[in-house]
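Residue numbers count from 1 along this sequence. Start at 1 and go down the list; that is how both ligands and their atoms are numbered.
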Amino acid sequence: MRSLVDLIRSPLLSGQTRNLPRYRELVHRFQQAILSGQLNAGEQLPSTRELAEELGVSRNTIKNAYELLHAEGYIDTRKGSGSYVANLPEHLLQKTDRLPLAKNTLNVTHLSRRADKVSANSGLKLQPAMAALDQFPMQAWKRCVNVAQASRGLLQSAPLAGDELLREAIVKHLLIRRGVQADSSQVVITSGSQEALYLVSRLLLKAGDEVLVEAPGYQGTYDVVAQTGACIQSISWQALQQQPENTSNARLLCLTPSRNFPLGHTLSLSSRLTLLAWAEQHQSWILEDDFDCEFATGPVVSALLGLSQNQYARQRVIYTGTFSRTVFPALRLGYVVLPKELVEPFLILRNRVDGGLSRLPQHTLAHFMFSGEYSRHLKKMRQLYQRRRAAMEKALAASDLADWRIIDAGGGMYLVLAMPETSDDVGLCQSLAQQGFGVRPLSVYDPLTRQPGLVLGFSAEPEVKLASLVMELAALIGAYQTVHTQ
Ligand SMILES: Cc1ncc(COP(=O)(O)O)c(C=O)c1O
């Protein structure tokens, strides 16, 4: 116990971590100690009470830290007997030395003129991943707009990488909430993660390159990667959890490791370490799309990029984030955190595409974040979406859809219902769209299994309306099935 407490008390690795909340700081120290082999598999951790007394912090702080470490797979808890360091593959735990930079194979020339399909968000019922816009703190936002507008200096265009204050706000946010230590020079503001995905694939890929995309996964990733002429191979969520065998030649792997889209699962710590080791060994890139992780159930695991920074000096992870779900969709702002050597080529490419984004919304968002309004809003929405999910689950259980299993990991802004194997979920959703429902077919997200199902949004629907919406949906589905099974 004594040596463990000393270890956890030892000086922080970076001055930046001093800004972290107490429990995050502890998580960071434990992660370091486990990943560097200072704490061994099976080693028992002190009880929350003992450690709280030793460190002079509250028991809740230790509890929160243990909860997050458990959720991230660093420790196991056994009922009645305490917490233990998890059993992680030994060979993945050594720190890797800085490697020489690979020769520059970046591609900034193959720009296609093909336009992306634009998806319309038009207030459809039960549409997945729609923010509760009636709950958005308009007054606070207006104050931030006024502050941003008051500065004549802001009439100048923003740097190509984006408004400096917003990039700083993102750096702080990533450190506190996602366990990522970035420098603002690595952050580039984009018009959502879609643009980031697009530019990253244009930058890194040429025709014929092999790319792995998780399945199920976001269709937009397939679309942008396909435009480069790269060969896309889907990799199942199960294969990602095991040692992926056929990954060796891939130049890029795209995934949502903290919260799979749309099933919400979290990739285990062992798998995350395996993928990082694979990327390092094969000089491949990993594109981490950190989509709606803010609304996971339980503690939100740190980003893959944060883990990578603990392990490797040279980054192979490119991280994208978006404000479309956490602020409001019309804002169209997101960002990418790039490894240092990719920043310049990325900006050259970006300059050819749009020359940077409008400054006022960026600066407004920066004030929204620095004033604490963003964190408050996130917290409130997390609680609200949890209540809405519970109401939705209750309504489904009481409806004719009760036999269809919920197969996603919980939390989030939508839930996923599995349909019987032979169902035509695409046809059903097309028919539902004509009745004003924005429900999405699950099969379109998984080219490997084409498992039919429904992705049902609940985040934008008031709790009181959910029961009647589910009844209406169940009745429409019943009618559709009657016609299509005759
Ligand atoms: C998993 C995933 N990643 C990225 C995006 C793109 O988000 P943005 O609105 O920031 O372009 C979406 C949009 O639905 C998504 O579902």
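- Contact shell of ligand 1 (protein heavy atoms, cutoff 4.0 Å): G192, S193, Q194, Y218, F261, D289, F291, T322, S324, R325, R332.
- The closest side-chain donor-acceptor pair between S268 and S270, if any, does not fall under 3.5 angstrom.
- A salt bridge between E280 and R314 is absent, with no side-chain N of the basic residue lying under 4.0 Å from a carboxylate O of the acidic one.
- A donor-acceptor contact shorter than 3.5 Å links the side chain of R388 to the backbone of S459.
- Residues passing the ring-ring contact (aromatic ring centres under 6.0 Å, His included) test with Y480, sequence neighbours excluded: H484.
- Annotation: Q135, atom CD; neighbour count of heavy atoms from other residues, nucleotides and ligands within 6.0 Å is above 12.
- Between R332 and E195 there is no salt bridge, since none of the side-chain N atoms of the basic residue sits less than 4.0 Å from a carboxylate O of the acidic one.
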